[in-house]
Novice: 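Provided herewith is a single structure, encoded as structure tokens, for subsequent inquiry.
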Amino acid sequence: MPPWLSRGLADLFPASQEAIGSIDPCQSLGARLIEAGRQGRPLRIKLGIDPTGSDIHLGHSILFRKLRAFQDAGHTAVLIIGDFTARIGDPTGKSATRVQLSAAAVEANAETYLVQLGLGQDPERALLDFTTPGRLEVRRNSEWLTSLDLPQVIELLGTSTVGQMLAKEDFANRYGSGTAIALHEFLYPLLQGYDSVQVQADVELGGTDQKFNVAMGRDLQRHFGQRPQFGLLLPILPGLDGVQKMSKSLGNTVGLKEAPLDMYSKLEKVPDNLVDTYLTLLTDLDLAALPENPRERQKAMALAITATRHTFEEALNAQSQAGMIVSGGGVTWVTGSTTFTPGLASVIDTVQSVPLSSVEYPVKAFFLLKALGLCTSSSEARRQIQGGGVKLDGEKLTDANQEFLNPAELQGKVLQLGKKTFRRFVGG
RNA sequence: GGGUCGGUGCCCGAGUGGUUAAUGGGGGCGGACUGUAAAUCCGCUGGCUCUGCCUACGUUGGUUCAAAUCCAACCCGGCCCA
């Protein structure tokens, strides 16, 4: 199995001992790859996404990276937008029934997902290759799920049993702990599996928590007379806290479109025991070639990952600036645009910019934090300032009611919240 | 449908008539410290352009000078029985 395929794999099935060397394309993924090559037919690699949020983060990106690797090897990525199933809500990993989303909200999310994945961008910089012909198929599962009639639904339901459903860990836990399971939630794995039938997937990618659903796809493909897909599972990326999975609702994410400095600052604080995991799953670097020293290795990781989403120069700048920040009191924010040295001016580019015109003047300090979205409420913003966590150009703000009378007072300055969040004010 | 128990702030969980956004824990955020982090210590942890004003203990109504706490109906959930 080639390295691009095996890197970071958590699970591959079927892959029994005897199947490893098997030449049966139903038992061995390697054999199916060879078969595909011989027939000149690209494999169809399915990856389903639930457009339930609006931001893609590094945790999602490990699946897309693997999908991209398949694309680069000449196969077809079949990206399924679960616009229909998102409205049921995937019960996986949930301890309660998920709220159902409106069709309009789902569609809006789907659009932003595609853009974040690289729609309309140069494949060199994008996560997925949207441009090379035959490498990508984007499908929405409403395409076939909306028109299912009751007899078809009953047929689907008939392929599985309550016992099988309760074998799924999430359902078992909820059932065992007396948490409600709505009947329609049982439909979710069946519908996801039916997607595999519709797109005739050879391989389905997913996180390890998707094993049940991917296996369901195999069952259904068999039921409908197709060759079952392979399940290729990747680890769930632990979040910045090092404990729980990376998830927006837990606030331990790094978003794909975050500014270099934010991204780097977050990544270099990842717990030591996670550094190699991040390197394996989010970069192509050879781990053996990296420094042994934990701090150096951590910085190399943060640099490399930042460089996958930005240019290498931007990542380097972020690194040097992050160094200045943590190295203590002498934070060398440059005050006022006229005193920039050429080197520092480029460094400051790594901070996310916000237009001065986004607020009305005069503006009080706490309101500014809220208006910029750095704090979720004005009360929280007050607390942050009172707690000494807010700096402007390296100078601690002490009065939440401090007023800024006009944009000129803020022009070019950098607002800092805590150690990881920065915003630079720009004109216009 | 019947019986029964229960619904408190991000989560868990105290609180059974009375100054108070409501004990405690977890988590989170900020500060100090450190190789960043972790550990430890300290602070914060409903909202509001906030010297004050608003919402809050499933919902609605009621009793009372006063309710998360009492009453009623309703909604939702667990378990047992059908």
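Numbers restart at 1 for each chain; the letters A, B, ... are given by sequence-line order, proteins then strands. The basis for the numbers below is simple: all heavy atoms, side chains too, and nothing from hydrogens, waters or symmetry mates.
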Novice: Are A/Gln192 and A/Gln210 close enough that a side-chain donor and a side-chain acceptor fall under 3.5 Å?
Specialist: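 Yes, because at least one side-chain N or O of A/Gln192 sits under 3.5 Å from a partner of the opposite role on A/Gln210.
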Novice: How far does the P atom of B/G28 sit from the matching atom of B/A38, given to the nearest Å?
Specialist: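 Nearest-Å result for B/G28 against B/A38 at atom P: 9 Å.
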Novice: Taking the C1' atom in each of B/A21 and B/G47, what is the distance between them to the nearest angstrom?
Specialist: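 Per the computed distance, 11 Å lies between those C1' atoms.
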Novice: Round to the nearest Å and state the distance from A/Leu417 atom CG to B/C44 atom P.
Specialist: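 Taking atom P of B/C44 as the reference, CG of A/Leu417 is at 18 Å.
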Novice: What closest approach, in Å, do A/Ile305 and A/Leu267 show between heavy atoms, and which atom pair accounts for it?
Specialist: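 Nearest pair, atom of A/Ile305 first, then A/Leu267: CG2-CD1, 3.6 Å.
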Novice: Out of B/U36, B/G47, B/G31, which has the shortest distance to the side chain of A/Lys396?
Specialist: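 Taking heavy atoms from C-beta onward, the closest nucleotide is B/G31.
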Novice: May I have the distance from A/Met301 (atom CE) to B/G35 (atom P), rounded to whole angstrom?
Specialist: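 A/Met301 atom CE is separated from B/G35 atom P by 19 Å.
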Novice: Rounded to the Å, how far apart are A/Asn273 CG and B/A38 P?
Specialist: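 Going from A/Asn273 (CG) to B/A38 (P), I get 12 Å.
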Novice: Quote, to the nearest angstrom, the C1' distance that separates B/C53 from B/G58.
Specialist: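 Nearest-Å result for B/C53 against B/G58 at atom C1': 27 Å.
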Novice: Represent RNA chain B in dot-bracket notation, 5' to 3'. Only Watson-Crick or G-U wobble pairs with both distances under 3.5 Å count; pseudoknot-style crossings use [ ] and interstrand partners use |.
Specialist: ((((((((.[[[..)..(.....]]]((((((.......))))))(((...)))...[[[[[..)....]]]]]))))))).
Novice: Can you tell me if A/Phe312 has over 12 outside heavy atoms packed within less than 6.0 Å of its CZ?
Specialist: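 No, not enclosed.
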Novice: Between A/Glu296 (CD) and B/A37 (C1'), how many Å, whole number?
Specialist: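 For the pair A/Glu296 CD and B/A37 C1', the rounded distance is 15 Å.
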Novice: Look at the side chain of A/Asp241 and decide which nucleotide, out of B/G47, B/C50, B/G28, has an atom nearest to it.
Specialist: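 Nearest to the side-chain atoms of A/Asp241, counting from C-beta on, is B/G28.
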Novice: Under a plain distance cut-off of 3.5 Å, with no hydrogens placed, do A/Glu268 and A/Gln298 share a side-chain donor-acceptor pair?
Specialist: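 There is no such pair (donor and acceptor under 3.5 Å, judged by atom type) between the side chains of A/Gln298 and A/Glu268.
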Novice: What is the distance from CD of A/Glu380 to P of B/G30, rounded to the nearest Å?
Specialist: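 The answer, rounded to whole Å, is 9 Å.
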Novice: Below 4.0 angstrom, N of the basic side chain to O of the carboxylate: do A/Arg382 and A/Glu380 qualify?
Specialist: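 So A/Arg382 does not pair with A/Glu380 through a salt bridge.
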Novice: Checking salt bridge (Lys or Arg N to Asp or Glu O under 4.0 Å) for the pair A/Arg309/A/Glu258: CA distance, chi angles, key distance, verdict?
Specialist: CA-CA 9 Å; A/Arg309 305 311 327 150; A/Glu258 286 190 43; over 6 Å; no
Novice: Of A/Gln298 and A/Ser379, whose closest RNA chain B nucleotide lies nearer the 5' terminus?
Specialist: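 Whichever sits nearer the 5' end wins; that is A/Gln298.
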Novice: Say you pick atom C1' in B/C41 and the same atom in B/G46; how far apart are they, in whole Å?
Specialist: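 These two C1' atoms come out 28 Å apart once rounded.
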Novice: Whether A/Arg295 and A/Asp272 form a salt bridge (side-chain N of Lys/Arg under 4.0 Å from carboxylate O of Asp/Glu) is what I want to check.
Specialist: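 The answer is no: the pair does not qualify as a salt bridge.
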Novice: In whole Å, measure the gap between the C1' atoms of B/A82 and B/G27 for me.
Specialist: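 Pairwise C1' distance, B/A82 against B/G27, rounds to 43 Å.
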Novice: Select base, sugar-phosphate, or nothing to describe what A/Lys299 touches, counting heavy atoms under 4.0 Å on all strands.
Specialist: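 Result for A/Lys299 = nothing.
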Novice: Without decimals, in angstroms, what is the distance between A/Leu397 CG and B/G31 C1'?
Specialist: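 Going from A/Leu397 (CG) to B/G31 (C1'), I get 15 Å.
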Novice: Check if the side chain of A/Ser377 and the base of B/C48 share a donor-acceptor pair of N or O atoms closer than 3.5 Å.
Specialist: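 Per atom types, no contact qualifies.
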Novice: I'd like the P distance from B/G18 over to B/U49, given in whole Å.
Specialist: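 B/U49 and B/G18 have their P atoms separated by 34 Å.
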Novice: Picking from B/G46, B/G31, B/C48, which would you name as closest to the side chain of A/Lys370?
Specialist: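 So the nucleotide nearest the side chain must be B/C48.
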Novice: Nearest heavy atom decides the nucleotide; on that basis, is A/Val270 or A/Phe367 closer to the 5' end of RNA chain B?
Specialist: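 It is A/Val270, whose closest nucleotide lies nearer the 5' terminus.
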Novice: Using atom C1' in both nucleotides, what's the gap between B/A56 and B/G3 to the nearest angstrom?
Specialist: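 So the two C1' atoms sit 34 Å from each other.
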Novice: For A/Phe366 and B/C48, what is the distance between atoms CZ and C1' respectively, to the nearest whole Å?
Specialist: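 Checked: the CZ to C1' distance equals 8 Å.
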Novice: Using the C1' atoms only, state how far B/C65 lies from B/G2, rounded to an integer number of Å.
Specialist: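 One C1' to the other, the span is 43 Å.
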Novice: Indicate the atoms forming the closest heavy-atom contact of A/Lys66 with A/Leu232, along with that distance.
Specialist: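 Here A/Lys66 and A/Leu232 meet closest at CG-CD2, 4.4 Å.
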Novice: If I take atom CG in residue A/Asn401 and atom P in nucleotide B/C50, what distance separates them, rounded to the nearest angstrom?
Specialist: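 My rounded result for the distance is 9 Å.
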Novice: Is the phosphate of B/A38 approached by A/Lys269 (side-chain N or O, under 4.0 Å from OP1 or OP2)?
Specialist: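 For B/A38, OP1/OP2 do not have a side-chain N/O of A/Lys269 under 4.0 Å.
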Novice: Under the 3.5 Å rule, do the base of B/C50 and the side chain of A/Arg382 count as making a donor-acceptor pair?
Specialist: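 Side chain to base: pair present.
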Novice: Output, in order, the C-alpha distance, side-chain angles, deciding distance and verdict of salt bridge (Lys or Arg N to Asp or Glu O under 4.0 Å) for A/Arg139 and A/Asp195.
Specialist: CA-CA 10 Å; A/Arg139 306 285 291 275; A/Asp195 289 345; over 6 Å; no
Novice: Select base, sugar-phosphate, or nothing to describe what A/Gln384 touches, counting heavy atoms under 4.0 Å on all strands.
Specialist: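 Answer is sugar-phosphate: A/Gln384 comes under 4.0 Å of backbone atoms only.
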